[in-house]
Amino acid sequence: MRIWPLATPLKNIILYSTSIVLMKGVSLIMLPYIATHLSQSELGRLEILVTISVIISIIFGLSLHEALYRFSGTAKKSQQPQITADIFIISMIMAAIALPIIWLICPLLSQLSQLQTSTLELKLLLLPLAFEAVTMVVLSALRMQEKALLFFYITTGRALFHALLTMIVLHYGFGVKAVILAGFISAMLQVVVIIYLQYQTNKKACINYHININTTHKYFTYCLPLMFSGLIIFGLNGLERWFLIFYVSFNDVALYAVAFKFALILVLLMQPFGMWWMPKRFEYLSNNGVNTTTQITHISIVLLCSLTICVCYFSPVFIDWFMPETYHAAKDIVVVLVLIFAIKELNELINMGALIKQETKKLLVINCLATVVGVTLIIVLTPEYKVNGVLSALMVAQSIRTLSTYWLSQRCFHFPFALNKIAVLFTISAISIGLSQFQQTIVFHLSSAILSLLILLSYAFWSRLVIFPSINKSKKIIGDNDAI
């Protein structure tokens with residue numbers, strides 16, 4: 001049986017694709033509408049507030065969904081409902097602890113003069129994030145159970161409802177506070193739906209609720225280093241905006257934010273594959289062996305390179321077409337941000353060896369090192385070079401992080417990657433991205449993009465980086481099962 005033509009994975013990838021397009025694509029589609037109804041300064045302020053929500057979501061998300069992937073994904077089928085229920089209960093307890101903490105810190109944050117915000121805005125923005133772990137655990141469980149259609153309804157329902165509320169409040173002339181209120185309402189409705197669905201699932205499975213201290217300690221030992229890694233990596237994916245507000249205006253922050261969002265198209269396009277692959281990769285390794293898992297990783301790298309070329313060619317064009325003229329300067333930095341995101345995505349594709357051996361603490365050390373380098377460079381370069389200094393720092397730091405993660409993962413669990421072929425693939429991608437920066441007519445620009453993709457994919461198939469491996473469910477990793 002071939003891996004790619006399988007009905008269920010293909011159907012799920014299509015559903016996840018649609019979910020992601022509607023869930024995150026709606027916010028991107030809404031960006032021109034928001035930019036025409038909020039001043040550039042207001043949009044910059046809103047983006048700074050969003051960076052606070054990112055920090056809070058990482059902290060109170062606790063990366064519990066990663067523990068679900070690791071321990072439920074490799075457990076026996078009969079044990080999976082109980083493990084999911086246990087982690088769900090832990091996430092509910094964490095939400096109960098997080099709510100009063102957020103309530104207390106909002107007045108303190110509102111005192112920061114750089115934010116130019118109120119306690120009410122912060123509470124509306126941050127209180128739903130107390131349930132971040134609950135949301136991520138339940139949505140991850142749906143993905144692991146291949147309930148892609150239910151995942152689609154929950155995620156796109158929230159996204160469309162949020163977009164509708166945002167359009168209404170902006171149409172009637174309300175500002176940033178009303179936009180945040182729209183997000184609060186849609187987020188809390190999703191939380192209610194998610195808790196109800198998981199409760200019904202647990203009830204149907206006749207789950208015996210209990211908290212085992214030793215098991216809980218095992219989960220947190222695995223996931224907390226990942227949470228701290230995420231928090232540290234925030235220094236390379238959000239903290240830079242805090243440095244920018246000290247040296248540039250909210251208007252410049254808004255330009256950076258627009259380029260950032262258009263560069264996120266790459267992450268958006270990679271996520272459907274990731275949402276199918278990330279929860280299943282340990283299971284594939286256990287059931288089908290290291291060679292099959294490596295082949296799928298090769299396919300994912302080819303996909304990443306192809307999408308990176310596409311986004312580099314078309315994101316500047318989209319900024320020209322869809323954004324108000326005051327934001328057109330964002331196209332000068334969007335391609336560099338796309339490359340930074342591509343390196344970041346590559347890191348997620350090649351870190352499996354370290355996760356197999358549960359070396360999350362070493363991943364934390366790598367992330368700390370990369371962040372220290374990145375933040376140091378940002379501090380040194382931003383005062384003189386402004387946004388360009390930030391971009392240079394992020395590029396260097398993300399490269400150090402990805403190379404170090406690859407070295408660690410391969411030492412922990414060796415995957416037979418075709419490095420020479422991948423190097424050629426990266427070279428073709430780099431040349432294609434360089435060609436995308438020449439000023440061309442739209443027809444020639446489109447032709448260049450298509451030609452670049454054809455060359456890349458032709459090489460990928462010719463070199464057998466893209467092959468569709470067979471799956472034999474009876475096959476196991478000889479001698480490696482203990483590692484999993």
Side-chain angles (χ1 to χ4, degrees), residues 27-28 30-56 106 108-122 124-126 166 169-170 173-180 183 234-264 315-316 318-341 374-395 397:
S27 71
L28 183 63
M30 287 284 293
L31 183 60
Y33 184 83
I34 294 172
T36 57
H37 286 79
L38 293 178
S39 69
Q40 192 168 336
S41 178
E42 282 183 310
L43 183 59
R45 185 172 77 86
L46 180 60
E47 288 301 319
I48 294 298
L49 292 177
V50 168
T51 62
I52 299 176
S53 70
V54 173
I55 298 173
I56 299 299
C106 284
L108 301 176
L109 289 173
S110 67
Q111 300 303 311
L112 296 174
S113 59
Q114 288 83 5
L115 295 181
Q116 300 180 21
T117 188
S118 66
T119 300
L120 177 58
E121 283 182 344
L122 288 170
L124 291 174
L125 180 69
L126 302 181
T166 301
V169 298
L170 290 177
F174 296 102
V176 171
K177 187 179 295 184
V179 172
I180 295 173
F234 173 76
L236 305 178
N237 194 29
L239 185 64
E240 76 279 1
R241 299 185 202 184
W242 284 83
F243 286 98
L244 283 174
I245 64 174
F246 287 101
Y247 299 106
V248 301
S249 66
F250 275 133
N251 287 351
D252 291 323
V253 172
L255 286 177
Y256 180 86
V258 167
F260 192 92
K261 287 182 182 294
F262 276 90
L264 272 175
S315 54
F318 293 156
I319 291 173
D320 261 344
W321 285 357
F322 301 118
M323 294 301 297
E325 189 173 350
T326 52
Y327 291 94
H328 284 185
K331 67 184 181 180
D332 297 331
I333 60 174
V334 67
V335 170
V336 181
L337 282 168
V338 173
L339 293 176
I340 291 168
F341 279 125
V375 171
T376 301
L377 288 174
I378 288 172
I379 292 171
V380 171
L381 298 176
T382 304
E384 183 174 355
Y385 298 103
K386 306 297 189 292
V387 172
N388 289 334
V390 167
L391 295 176
S392 300
L394 293 178
M395 181 74 76

When rounded to the nearest 0.5 angstrom, what distance separates [atom1] in [X] from [atom2] in [Y]?
| X | Y | atom1 | atom2 | answer |
| --- | --- | --- | --- | --- |
| F246 | I379 | CZ | CD1 | 11.0 Å |
| L236 | I340 | CG | CD1 | 9.5 Å |
| K331 | M323 | NZ | CE | 13.0 Å |
| K177 | E42 | NZ | CD | 12.0 Å |
| L125 | S53 | CG | OG | 5.0 Å |
| R45 | L38 | CZ | CG | 9.5 Å |

Check: [Y] and [X] side chains under 4.5 Å, non-hydrogen atoms:
| X | Y | answer |
| --- | --- | --- |
| I34 | V179 | no |
| W242 | I52 | yes |
| L255 | N251 | no |
| L46 | I180 | yes |
| L337 | F262 | no |
| Q40 | Y327 | yes |
| F322 | L31 | no |
| L109 | C106 | no |

Do Y247 and D252 pass the side chain to side chain contact (heavy atoms under 4.5 Å, CB included) test, and can you show the C-alpha distance, the side-chain angles, and the key distance before you say yes or no? CA-CA 10 Å; Y247 299 106; D252 291 323; over 6 Å; no

Chi angles and distances behind the ring-ring contact (aromatic ring centres under 6.0 Å, His included) call for F341, F260: CA-CA 9 Å; F341 279 125; F260 192 92; 5.0 Å; yes

Can you see which heavy atom on [X] is nearest to which on [Y], and at what distance?
| X | Y | value |
| --- | --- | --- |
| V335 | P316 | CG2-CG, 4.1 Å |
| V375 | F243 | CG1-CZ, 4.0 Å |
| G374 | A397 | CA-CB, 3.6 Å |
| G44 | V253 | O-CG1, 3.9 Å |

Looking only at atom types and distance, does a side-chain atom of R241 sit under 3.5 Å from a main-chain N or O of T51, one as donor and one as acceptor? no

Set of residues satisfying salt bridge (Lys or Arg N to Asp or Glu O under 4.0 Å) with respect to E240, sequence neighbours excluded: none

Over 12 non-hydrogen atoms of neighbours within 6.0 angstrom of OH in Y33: yes

Exercise answer: donor-acceptor pairs, residues 382-394 side-chain atoms, under 3.5 Å, sequence neighbours excluded:
residue	atom	partner	partner atom	Å
T382	OG1	I378	O	2.6
K386	NZ	P383	O	3.0
S392	OG	N388	O	3.0

